[in-house]
Each structure stands twice: as C-alpha cells, then as structure tokens.
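Nothing here was measured: the structure is a model prediction, and the numbers come from that model. Just so we're on the same page: letters track the sequence lines, and every chain starts at 1.
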There are 2 protein chains.
Amino acid sequence: MSDDDSAVARERVIESMEQSAEVYGLSRSAGRIYGVLYFASDPLSIPELVEETGYAKSTVSNVTRTLSRIGLIHRRSSEGGGRRVRFEAEREVWFILQDVFQQYIQREVQTTLRTIRRAEEQVLAETREQERVRNLRETYEDLEEIVQLASEYSAAELREALETYER
Amino acid sequence: MSDDDSAVARERVIESMEQSAEVYGLSRSAGRIYGVLYFASDPLSIPELVEETGYAKSTVSNVTRTLSRIGLIHRRSSEGGGRRVRFEAEREVWFILQDVFQQYIQREVQTTLRTIRRAEEQVLAETREQERVRNLRETYEDLEEIVQLASEYSAAELREALETYER
DNA sequence: TGGTTTGTTCGGATTGAGCCGAACAAACAG
DNA sequence: CTGTTTGTTCGGCTCAATCCGAACAAACCA
C-alpha cells in the first residue's frame with residue numbers, strides 16, 4: 001500500500017490498456033497515452049505527455065489526434081484561448097465501448113449486409129448459392145439488430161436484459 | 001440473373017469476407033479462402049484452393065491451418081484415409097462469431113479484469129487513483145457478465161432478449 | 001520401382017504500420 | 001523584435017506480417 005506499490009499498480013493497468021488498444025485496432029502508444037491521461041489528475045499538454053510516456057513529440061501529436069477523433073480523449077482548448085492544448089481522458093469506459101461498437105462493428109455489419117442483399121438479388125434463384133447467401137443475410141440481420149440495440153443500452157441495462165431473459 | 005451475374009455477386013460477397021477478415025484480425029487471404037469454401041459445393045483440397053484463389057500452395061497450406069485451428073473451416077480427412085485433405089467451411093456464421101467472442105473478447109476482458117483487481121488492492125486507499133481503478137473494475141465486471149451471457153445465446157435469442165427488455 | 005501428386009516448412013522479398021527526429025509554423029514572453 | 005515554447009508535418013528507419021517459390025517429405029500410381 002506504499003506510494004511505490006501504487007505507482008506499480010497504476011503502471012500495470014496502463015500496460016493492460018496498451019494490450020487492449022491492440023485488440024481495438026489501435027497502437028500500443030495509443031493505449032499508453034490514454035492510460036496516462038486516464039490516471040492524470042488534470043488534463044495534460046503534449047510536452048507533458050512526452051515527459052510521461054517517453055514517446056517523441058510527433059508521435060504524441062499524431063496519437064492524440066486519432067484518439068480525439070474517435071472520442072477516447074477530449075481536447076480542452078486551454079483557459080485564455082491560448083495555443084497550448086490539453087487533453088483529458090474520457091473516463092466513462094462504457095461510452096468508449098459503445099463508440100467502438102457504433103463506429104466499428106455497426107458500420108462493418110451494415111456495409112456487409114448491403115453487399116449481401118445486393119448479391120442475393122443477383123444470384124440465381126433456387127440454387128445452393130442463393131440459399132447460402134440467404135443464410136448469411138439472416139444471420140447478419142439478427143446481428144445488425146443486436147448491435148443496434150446493444151449500442152443504445154448502458155452496461156448495467158444490457159447486463160440486466162441478458163440476465164432476466166427467459167428463453 | 002445470368003450465370004455471370006451470379007458469379008459477380010458471389011465474388012462481391014467474398015470480397016466482403018476479405019474485408020471482414022481484417023476486422024477479426026485475420027489476413028485477407030484467410031477471408032478469401034474462407035469465402036471460396038463457404039460457396040463451394042463440396043470440400044476442397046489445397047490444390048483446388050490454389051486454383052480457385054490464385055494464392056501459392058504454401059500460403060493456402062498455412063492459412064488453412066490457422067482457419068482450422070480457430071474453427072472457421074474443418075479438415076475432412078478424405079474418404080479412404082488417403083493423404084489428400086479436404087476443407088469445408090463452417091457455415092453457421094453465428095458459431096464463428098461466438099467463438100471469436102469466447103476466444104478473443106472474453107479472454108481479453110478476463111485478463112484485464114484480473115489486472116484491475118490486483119491493482120485495486122495495491123493502490124493507496126481513499127485516493128483519486130483508487131476511485132478510478134474501482135470505476136474501471138465495475139465497468140469490466142458488467143462487461144464480463146455481458147460477454148459471458150451473450151456467448152451462450154443464439155443470435156435469435158440474443159436479439160429477442162434485447163428487443164423484449166423493458167427498462 | 002520410379003514418377004507424380006499432395007502437403008509442409010523454410011528463407012526471402014515486399015509491404016505497411018509505428019515511431020522517431022528534423023524542419024517548419026504559430027503563439028507567446030521578454 | 002528576438003528568442004522560446006508549443007504543435008504539426010514530413011521523410012526515413014525498423015520491424016512484423018503477408019505472401020511467394022523452392023526444397024523437402026509423404027503418399028499414391030503405373
């Protein structure tokens with residue numbers, strides 16, 4: 001429970017975020033930068049992030065841009081309208097996961113579904129191919145609906161919906 | 001609705017699978033090989049897949065191994081116990097997605113949760129850090145439960161569970 | 001048996017992602 | 001105005017993934 005232990009523990013969590021970042025298709029640096037911001041008491045500027053993470057200024061600049069774009073961190077135009085930019089982590093992790101769901105999964109499912117539907121019209125009727133495409137479509141229609149609904153619920157709601165469901 | 005249209009439509013769907021493969025962390029070749037097998041009338045051997053996909057024999061060999069390992073395709077030891085191996089696609093797409101869920105997401109969530117819990121014990125009590133870690137843990141506990149339950153349901157069940165839920 | 005087909009394994013070429021440092025632009029301080 | 005701090009952009013380096021071809025091993029065929 002010392003200060004040191006605390007720092008080590010924090011470091012472990014940040015490493016874990018580096019790991020998770022890869023799963024979400026982000027770089028390890030993105031995971032670390034998010035992690036540092038997640039635990040920071042105040043929003044940090046780019047030089048401060050350079051100091052904390054050891055990454056080059058250019059890397060921090062690029063990564064913060066991507067993270068801002070996808071909503072994992074927020075740009076805080078500093079007080080006084082100065083040039084200095086500060087970044088703050090979005091700490092509602094569920095929001096982030098919802099975003100990933102919407103921007104990533106949902107988009108992927110929808111474009112796939114469009115392709116499948118178009119293909120289903122063009123494929124020869126009464127063939128095995130038609131049946132295969134139809135099966136694909138049906139699963140993806142379920143999937144689209146699931147992803148749509150899941151992205152609207154909070155984590156607690158989603159959990160309850162699944163826990164209380166009686167088959 | 002000509003034979004040609006049908007072939008084009010099929011090609012489009014396969015291209016879409018190439019795309020999806022990347023999202024699941026697989027190579028484009030894996031997506032194409034799965035796609036070809038998905039539409040094939042019978043299980044295909046490696047030389048046949050080479051013919052259909054244009055990939056080198058070695059590539060097909062390696063990719064089929066990975067796809068078999070993660071359950072997207074199945075090795076059919078050919079009739080007569082000969083050397084010739086044939087592959088068949090797992091066409092229950094939902095099974096595949098469940099597998100991804102279990103092997104990928106669930107595993108990721110669980111290891112992260114372990115790290116977070118350990119960190120929560122080591123972090124200094126009554127600090128901002130502790131609160132942050134606790135929030136993280138609570139979200140991930142919901143997430144673990146959600147993923148666990150979701151992986152047990154069929155697509156239709158999952159859809160119904162969400163559709164019928166009243167907040 | 002010798003030749004052919006099938007499948008795996010290896011080294012190497014190519015490509016893209018991630019990160020860095022340097023150059024630049026913009027704001028600020030004195 | 002001059003020097004400093006901050007942030008972005010650019011080219012280049014490194015490394016890992018992907019894929020290929022060649023060599024090899026194993027089964028089959030005539």
Salt-bridge test for [X] and [Y]: reply yes if a basic N is under 4.0 Å from a carboxylate O, no otherwise.
X        : Y        : answer
B:Arg91  : A:Glu131 : no
A:Arg134 : A:Glu141 : no
A:Glu48  : A:Arg86  : yes
A:Glu163 : A:Arg159 : yes

Distance test, side-chain N/O of [X] to OP1/OP2 of [N], below 4.0 Å:
X       : N      : answer
B:Ser58 : D:dG21 : no
A:Thr59 : C:dC20 : yes
B:Arg65 : C:dG7  : no

Starting from [atom2] on [N], measure out to [atom1] on [X] and report it in whole angstrom.
X       : N     : atom1 : atom2 : answer
A:Arg86 : D:dT5 : CZ    : P     : 16 Å
A:Phe87 : D:dT6 : CZ    : P     : 13 Å
B:Glu51 : C:dT5 : CD    : P     : 14 Å
A:Ile46 : D:dT6 : CD1   : C1'   : 8 Å

Note to self: Let's see if you get this right: which residues in residues 18-41 of chain A place a heavy atom under 4.0 Å from DNA chain C?
What the structure shows: A:Ser27, A:Ser29
Note to self: Under a 3.5 Å distance rule, please check whether B:Arg114 uses its side chain to pair with a backbone N or O of B:Val109 as donor and acceptor.
What the structure shows: no
Next item on the list: Would you kindly compare A:Tyr55 and B:Val60 by the position of their nearest DNA chain C nucleotide and give the one closer to the 5′ end?
Entry: B:Val60
Next item on the list: Just compare D:dG7, D:dA23, D:dT9 and give me whichever is closest to any side-chain atom of B:Lys57.
Entry: D:dA23
Checklist line | Per A:Val85 side chain, nearest of listed nucleotides D:dC10, C:dG7, D:dG7 | finding: D:dG7
Check: For the atom pair OG (A:Ser16) and CD (A:Glu11), what is the distance rounded to the nearest 0.5 Å?
Finding: 11.0 Å
Checklist line | Separation between CD of B:Glu92 and CD of B:Gln98, rounded to the nearest 0.5 Å | finding: 10.0 Å
Check: When the ring centroid of A:Tyr24 is compared with that of A:Tyr104, is the distance short of 6.0 Å?
Finding: no
Checklist line | Global bending angle along the helix from C:dT1-D:dA30 to C:dG30-D:dC1, which compares the axes of five pairs at either end, to 10 degrees | finding: 10°
Item checked: Cluster overlap B:Leu97 with B:Phe95, hydrophobic side-chain contacts below 4.5 Å -> no
